[in-house]
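Structure first, commentary second.
The figures that follow rest on heavy atoms only: side chains count, while hydrogens, waters and symmetry mates do not. Numbering of residues begins at 1 and proceeds along the displayed sequence.
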Amino acid sequence: MREFDYRRASDVPGALALLGTEPEARYLGGGTNLVDLMKSGVERPALLVDVRELPLERIEVADDGGLRIGATVTNSDLAAHPEVRRRYPALAQAVLAGASGQLRNMATVGGNLLQRTRCAYFTDVSKACNRRVPGSGCPAVTGEHRNHAILGASAHCVAVHPSDMGVALAAFDAVVHYATADGPGAVPLAEFHLPVGDTPHRETALPPGALITGVTLPPAPVAAASRYRKVRERASYAFAIGSVAAALDVRDGVIHDVRLAFGAVASRPWRAQAAERALLGGPATAEAFGAAADAELAAAEPLPDNGYKVTLIRNLVVAVLTELAEESRRTEEATR
């Protein structure tokens, strides 16, 4: 590990100023991803600016009924917050599915969105990787890619984004807020993680030196009936090989609103807009759910060893939406 300097910031302007003093500086939140990458030599910052003590640790209900979530809120606090559990249960479920208790106690909302891929070629500095060294190649295309992308990939990178939390946030139109020396800014989560294209080393839309200050979730009544389902290769803590965040509003058997996002299938949380369009206004049946999943997955381009993900995601969509539709039916019957 490279030697580095360490400074602790007490406010946002101070954090921005500290980062500006060193071209190779990085913000440090919980460090659950960054420190691992420093140990392996993938990340080699000259300065760490600790932002854990910034006043960004609150979760508040907004005037419009949405939520404001500070960037330094821990994953544990996010999952346990009563308004998160009541208004966006899929988000709480995604966070709880995402890591061990010890990691959730340290990891932050801002850091979760900025975590980097767990692709073995990326984390091994002895291997080529276009994310680490642009133009060096992507050995995963012809090598080990069982857990890699089936949507939105390119010949330059087929890695997936590892966040569970991000999948739920994508389903509910979250917006990421940040601060820069020139003032504040915001970007929809749908645009936050950049398509890999031929520049996989450019991972987010954040301006240079920007500090994430929080995430807002707009009001979404449908989100109260939501669920996150994750499939992994072992029952204990592990990254997803496929996941679905879903919300469904069904009235008299007709879908009035639906939200759907996939995880572990692309370089970013994947909002399933084609599937949503196919479902809206139609019947809440297993056949319709399967057809909608097929509409979204028609764009999939699996590699030789990860084609199973197409079937996996389709089955997850049908299973989760069917469960939500059945719950809605029982609730309707109970209130008649």
Side-chain angles (χ1 to χ4, degrees), residues 29-30 32-33 51-52 54-115 161-178 186-190 192-193 212-230 237 240 243-249 257-263 268-272 320-321 323-324 327-328 331:
T32 57
N33 183 213
V51 298
R52 282 298 293 265
L54 300 187
L56 303 172
E57 76 289 354
R58 298 183 65 184
I59 300 174
E60 302 172 307
V61 178
D63 292 339
D64 63 3
L67 286 183
R68 291 191 294 265
I69 304 167
T72 62
V73 170
T74 66
N75 285 10
S76 290
D77 287 346
L78 180 65
H81 196 279
E83 292 300 327
V84 174
R85 297 169 70 91
R86 182 170 72 88
R87 297 168 186 259
Y88 306 90
L91 175 57
Q93 294 164 12
V95 173
L96 291 173
S100 66
Q102 294 93 329
L103 288 173
R104 290 196 301 269
N105 288 340
M106 289 297 296
T108 62
V109 168
N112 187 292
L113 294 177
L114 290 173
Q115 66 181 303
H161 195 269
S163 175
D164 292 282
M165 182 190 79
V167 181
L169 290 176
F172 304 130
D173 299 312
V175 176
V176 181
H177 297 262
Y178 60 84
V187 59
L189 184 65
F192 181 78
H193 298 101
I212 294 178
T213 55
V215 174
T216 55
L217 282 165
V222 68
S226 64
R227 183 161 299 164
Y228 182 76
R229 183 70 53 80
K230 172 179 179 176
Y237 164 52
S243 66
V244 168
L248 195 63
D249 177 9
D257 198 359
V258 59
R259 307 295 174 87
L260 202 57
F262 304 158
R268 53 187 176 179
W270 187 268
R271 180 69 177 270
V320 173
L321 290 179
E323 290 173 9
L324 290 172
E327 288 179 5
S328 178
T331 300

Determine yes or no for a side-chain-to-main-chain donor-acceptor pair under 3.5 angstrom, with R87 supplying the side chain and A220 the backbone.
no

Roughly how far, to the nearest 0.5 Å, is CD of Q115 from OG of S163?
5.0 Å

Answer yes if the side chains of Y88 and S226 hold a donor-acceptor pair under 3.5 Å, and no otherwise.
no

Under the criterion side-chain contact (heavy atoms from CB on, under 4.5 Å), I'd like the reasoning laid out for N33 against L114: C-alpha separation, chi angles, the key distance, then a yes or no.
CA-CA 9 Å; N33 183 213; L114 290 173; over 6 Å; no

To the closest 0.5 Å, what do you measure between CG (L91) and OH (Y228)?
10.5 Å

Looking only at heavy atoms, the pair that brings G70 and V109 closest together is O-CB, 3.9 Å

To the nearest 0.5 Å, atom NE2 of H161 lies from atom NE2 of H193 at 3.5 Å

To check you understand the geometry: which heavy-atom pair defines the closest contact between A246 and V320, and what is its length?
CB-CG1, 3.8 Å

First locate atom CZ of R104, then atom CD of Q102, and finally report the distance between them rounded to the nearest 0.5 Å.
8.5 Å

Considering only heavy atoms from C-beta outward, does the side chain of R86 approach that of H81 to under 4.5 Å?
no

Give the minimum heavy-atom separation between A245 and A168, together with the two atoms involved.
CB-CA, 3.9 Å

Donor-acceptor pair, distance only, cut-off 3.5 Å: does the side chain of S76 make one with the backbone of N105?
yes

Would you say the side chain of L67 lies within less than 4.5 Å of the side chain of V61, judging by non-hydrogen atoms?
yes

Look up atom CD1 in I69 and atom CG in D77, then write down how far apart they are to the nearest 0.5 Å.
11.5 Å

Spell out, as yes or no, whether a donor-acceptor pair under 3.5 Å connects the side chain of K230 to the backbone of S243.
no

Evaluate the side-chain proximity of V187 to V175: yes if any heavy-atom separation is below 4.5 Å, no if none is.
no

Among I59, N112, V215, side-chain contact (heavy atoms from CB on, under 4.5 Å) partner for V73:
I59

Determine yes or no for a side-chain-to-main-chain donor-acceptor pair under 3.5 angstrom, with T74 supplying the side chain and M106 the backbone.
no

SB check R68 E83 (cutoff 4.0 Å)
no

Is it true that atom CG of D63 has more than 12 heavy atoms of other residues, nucleotides or ligands lying nearer than 6.0 Å?
no

Please confirm whether the backbone N or O of L324 pairs with a side-chain atom of S328, one donor and one acceptor, at under 3.5 Å?
no

Quick one: closest heavy-atom pair of A223 and F172, and the distance?
CB-CE2, 3.6 Å

Locate the shortest heavy-atom distance separating A92 from A79; write the atom from each residue and the value.
CB-O, 3.6 Å

Side chains of V244 and L260, heavy atoms from C-beta outward: is any pair under 4.5 Å?
yes

Pair R229-Q93, side-chain contact (heavy atoms from CB on, under 4.5 Å): steps then yes or no
CA-CA 8 Å; R229 183 70 53 80; Q93 294 164 12; over 6 Å; no

Does the side chain of D249 reach to within under 4.5 Å of the side chain of V258, using non-hydrogen atoms?
no

4.5 Å side-chain heavy-atom contact, M165 and L113:
yes

Kindly indicate whether the side chain of T213, heavy atoms from C-beta on, has any atom under 4.5 Å from the side chain of V176.
no

Report the C-alpha separation of R271 and D173 in whole Å, then their side-chain angles, then the decisive distance to 0.1 Å, and conclude whether the side-chain contact (heavy atoms from CB on, under 4.5 Å) test is met.
CA-CA 9 Å; R271 180 69 177 270; D173 299 312; 2.7 Å; yes

CG of L56 to CD1 of I212: how many Å apart, nearest 0.5 Å?
11.0 Å

Contact summary for V167 and G263, nearest pair of heavy atoms
CG2-CA, 3.5 Å

Ionic contact status for E57 with R52, cut-off 4.0 Å
no

